[in-house]
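First up is the structure itself, then whatever we jot down about it.
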Amino acid sequence: MPPPPEDRLRANPDLARVVGPILERSADQGFLGSMAVDEQIDHALGFARVAEDQLGKPPDRALDLGTGGGIPGLVLGAGWPGTQLTLFDANQRRTEFLTEEIRVWGISDRVTVVRGRAEESGRLPSLRGRFDLVTARSFGSPAVTAECAAPFLEVGGILVVSEPPGAGSS
């Protein structure tokens, strides 16, 4: 029996060597919440478990909607080297930060950063219906998140949504 996705991804050396420091810098910029980076990584690994349980494998193409400081996208990018990953956010400072970090990491051939508004960008032919997985953490209410994510999903694709640990319902 293969190890659970969280264990396999946690064992990836890039998670501690590359992603951890990027997320620390992201937190220093104010792009992540107040939770410790290790806890945010653990929470992000749950996205991998749910996605692989539903898809039966890592996705071919994934979009992290409202990626913010890179959670869960960067964690998934480290653990899924065969996945074409898009980190999507509306904020220019965050997308510029992530674009530079991806370039330095050397994975821009498979990870791209896109800045835009989800409600508009989901209509673009280059993004519409292109992803077998869309992730969203703290993007918005469930209804808004589903409405914004749906145009990005291919037929049969899945949306995995979460609030950060300890988030209260409003």
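Quick caveat: nothing in here was measured; it's all calculated off a predicted structure. In this chain, numbering begins with 1 at the start of the sequence shown.
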Start with the C-alpha distance between Glu52 and Leu9, add both sets of side-chain angles, then the distance that settles side-chain contact (heavy atoms from CB on, under 4.5 Å), and finish with yes or no.
CA-CA 12 Å; Glu52 289 189 34; Leu9 271 68; 4.2 Å; yes
Side chains of [X] and [Y], heavy atoms from C-beta outward: is any pair under 4.5 Å?
X     : Y     : answer
Arg8  : Trp80 : yes
Ile71 : Met35 : no
Gln40 : Leu23 : no

Under 3.5 Å, is there a donor-acceptor pair between the side chain of [X] and the main chain of [Y]?
X      : Y      : value
Ser162 : Arg137 : no
Arg110 : Gly77  : yes
Thr95  : Gln92  : yes
Asp64  : Leu87  : no
Ser26  : Gly69  : yes

Tell me the closest heavy-atom pair linking [X] and [Y], and the distance in Å.
X      : Y      : result
Leu133 : Pro59  : CD2-CG, 3.7 Å
Gly68  : Leu98  : O-CD1, 3.4 Å
Asp109 : Gln84  : O-OE1, 3.6 Å
Leu153 : Val134 : CD2-CG2, 3.6 Å
Arg103 : Ser108 : CA-OG, 4.0 Å
Trp105 : Ile22  : CE3-CD1, 4.0 Å

Enumerate the residue pairs fulfilling ring pair (Phe, Tyr, Trp, His ring centres under 6.0 Å) with a member in residues 132-154, sequence neighbours excluded, ordered by first and then second residue.
Phe88-Phe152
State the [atom1]-[atom2] distance between [X] and [Y], to the nearest 0.5 angstrom.
X      : Y      : atom1 : atom2 : result
Ile158 : Phe131 : CD1   : CZ    : 14.0 Å
Thr83  : Leu76  : OG1   : CG    : 8.5 Å
Asn12  : Arg17  : CG    : CZ    : 8.5 Å
Leu159 : Thr135 : CG    : OG1   : 8.5 Å
Glu101 : Leu74  : CD    : CG    : 8.5 Å
Glu96  : Asn91  : CD    : CG    : 9.0 Å

Cluster link [X] to [Y], ILVMFWY, side chain under 4.5 Å:
X      : Y      : answer
Phe31  : Leu65  : no
Val104 : Val18  : no
Leu15  : Ile107 : yes
Val114 : Ile102 : no

Run the side-chain contact (heavy atoms from CB on, under 4.5 Å) test on Lys57 and Asp132 for me, step by step, so that the C-alpha distance in whole Å, both residues' side-chain angles and the decisive distance to 0.1 Å come before the verdict.
CA-CA 11 Å; Lys57 64 179 183 61; Asp132 49 339; 4.2 Å; yes
More than 12 non-hydrogen atoms from neighbouring residues, nucleotides or ligands closer than 6.0 Å to CD on Glu147, yes or no?
no
Residues that Glu154 engages under side-chain hydrogen bond (donor to acceptor under 3.5 Å, both in side chains), provided they are two or more places apart:
Arg61
Residues two or more places apart in sequence or in another chain: which of them pass side-chain hydrogen bond (donor to acceptor under 3.5 Å, both in side chains) with Arg128?
none
Testing Thr112, Val113, Val111 one by one against Leu85 for a side chain to side chain contact (heavy atoms under 4.5 Å, CB included), which residue passes?
Val111
Identified side-chain hydrogen bond (donor to acceptor under 3.5 Å, both in side chains) counterpart of Asp89 within the set Arg117, Arg115, Arg94:
Arg94
